[in-house]
Amino acid sequence: MTRPATGDAATGDAASRGRRDRGARRLLPVARGAVAHTTVGSGWNRVREVRRLSSPQELSARLLAAEHPGERYRGDRPAGQAAAGGHGEPAPDDVDLDAWYRLPPVAAGKVHVRSNFVSSLDGAAEVDGRSGALGGSADRRVFRTLRWLADVVLVGAGTAVAEDYGPVIVPPQRREQRLAAGQTPVPPVAVISGSLRLDPSARLFGADVRPLVLTCRAAPADRYRELAAVADMLVCGDETVDLAAALDALAERGLGRVLCEGGPSLHAALAGASLLDELCLTLAPLLVGPDRIRIVGGRRWPTPVTMALGHVLEEDGSLFLRYLRR
């Protein structure tokens, strides 16, 4: 389960996703191998960050090196970055999420697939079928930032229906930034569905930005015709949706920076097929108990997928992890 998209309605995504807002907190980078312990209450220690894991520029260099081996990163300091933190870095309480979640350049015809999930400490991706109880205000900020950086938001049909997906809401200033970066003002939502059990009257299909439906040749012809009136239909596979072909179809449309928001089956299929480039995971300081949905679902993989830690941010006990495919 991903964070509900119902927040992207007219009421605003911060209010309607049902997250617990614990008030303003500072979103801070966490150091690797260098933490401070502050005694609280009865003597238990609480781990707090003292310096950043790596600068966003170093992370960008790592990403670029993976895309273009041997090429040195020469990017300028991200917009809004001041030298208050030393070495051209921002002060610890001035985290620029755009900089920390910056994506590498994507060549024409290629894709970079990023997923975004929230999970409890014991691995649950939902509470009572929804992910809203797992996130807070910082998670909402990261959620929105990842959407605003993406060319397209990719989601499975089951999640789109269960979460009542709507269009991505992008404020006017952010639309201008996207246009300046060569992107469309608003990223479309792309839904994966082989059965096409989607309601053409759902609010997703009434948006100004026409959604995409990635399906297969075996899909019911009558449902295909109904949805073709409200969405751009892309056939990617014969009996089932071929995910590699689906990503190629998005790349052909210039939608190379793909943000996958689930559900667990789609996430597992992408990762298991080595199609996932990075995972952005919010780790909530909660234990919710057994028998919960996880961020991946479906059949067991033959081997694990190894990821490398890109960065850790913290706010109010929640960790914001960015992992890159090795």
Side-chain angles (χ1 to χ4, degrees), residues 1-9 17 111 113-117 125-126 129-131 147 150-169 184 186-273 275-276 293-299:
M1 304 293 287
T2 62
R3 268 77 92 217
T6 54
D8 283 339
R17 266 200 298 268
V111 295
V113 182
R114 160 191 278 172
S115 64
N116 180 28
F117 280 83
E126 51 77 29
R130 303 296 291 269
S131 58
R147 284 185 153 204
D151 292 327
V152 61
V153 174
L154 181 67
V155 64
T159 296
V161 172
E163 304 284 8
D164 187 24
Y165 257 58
V168 177
I169 299 299
T184 59
V186 177
V189 175
V191 182
I192 299 270
S193 178
S195 65
L196 297 183
R197 292 174 182 167
L198 299 165
D199 182 0
S201 65
R203 68 190 186 97
L204 175 62
F205 298 108
D208 293 335
V209 177
R210 194 174 171 92
L212 309 173
V213 175
L214 308 173
T215 189
C216 58
R217 291 184 179 84
D222 55 342
R223 293 177 183 165
Y224 185 99
R225 287 191 297 269
E226 290 179 354
L227 289 169
V230 293
D232 291 347
M233 307 295 290
L234 302 177
V235 177
C236 310
D238 295 324
E239 298 299 320
T240 60
V241 179
D242 183 323
L243 291 181
L247 295 176
D248 287 343
L250 294 177
E252 289 174 3
R253 287 177 164 248
L255 306 175
R257 285 163 286 202
V258 180
L259 174 63
C260 174
E261 293 182 348
S265 295
L266 174 58
H267 190 214
L270 288 169
L275 298 174
L276 184 69
I293 296 174
R294 300 169 56 227
I295 68 171
V296 292
R299 296 181 179 179

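This structure is a prediction, so every number in the text was calculated from the model and none was measured.
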Mark yes or no for whether [X], through its side chain, and [Y], through its backbone, hold a donor-acceptor pair below 3.5 Å.
X: H267; Y: G262; answer: no
X: D242; Y: G237; answer: no
X: R203; Y: D164; answer: yes
X: S115; Y: C260; answer: no
X: R223; Y: S195; answer: yes

Practice prompt. Return yes when atom CG of D208 has more than 12 non-hydrogen atoms of other residues, nucleotides or ligands closer than 6.0 Å, and no otherwise.
Written response: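 No, CG of D208 has 12 or fewer neighbouring heavy atoms, counting only those of other groups under 6.0 Å.
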Is the shortest side-chain heavy-atom distance between [X] and [Y] below 4.5 Å?
X: L198; Y: S193; value: yes
X: F205; Y: L227; value: yes
X: L266; Y: V155; value: no
X: L255; Y: L212; value: yes
X: V258; Y: L250; value: yes
X: Y224; Y: V213; value: no

Practice prompt. Would you mind telling me which of V189, L204, V186 makes a side-chain contact (heavy atoms from CB on, under 4.5 Å) with V209?
Written response: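 Exactly one candidate clears the test, V186.
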Worksheet item: According to the ring pair (Phe, Tyr, Trp, His ring centres under 6.0 Å) rule, which pairs have a member within residues 243-265, sequence neighbours left out?
Response: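 Listed by first then second residue: nothing to list.
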What are the two closest non-hydrogen atoms of [X] and [Y], and how far apart are they?
X: L247; Y: V111; answer: O-CG1, 3.5 Å
X: L214; Y: V241; answer: O-CG2, 3.7 Å
X: A246; Y: C236; answer: CA-SG, 3.6 Å
X: V152; Y: P188; answer: CG2-O, 3.3 Å
X: V191; Y: A157; answer: CG1-CA, 3.7 Å
X: V296; Y: A268; answer: CB-CB, 3.8 Å

Fill in: Any residue meeting salt bridge (charged side-chain N to carboxylate O under 4.0 Å, His left out) with D232, in chain and number order, not counting sequence neighbours
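With neighbours one apart ignored, the set is R210, R253.
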For the atom pair [atom1] ([X]) and [atom2] ([Y]), what is the distance rounded to the nearest 0.5 Å?
X: L259; Y: R257; atom1: CG; atom2: CZ; answer: 12.5 Å
X: S265; Y: I192; atom1: OG; atom2: CD1; answer: 12.0 Å
X: R225; Y: M233; atom1: CZ; atom2: CE; answer: 11.5 Å

Worksheet item: Step by step, would you call L234 with T215 a side-chain contact (heavy atoms from CB on, under 4.5 Å)?
Response: CA-CA 6 Å; L234 302 177; T215 189; over 6 Å; no
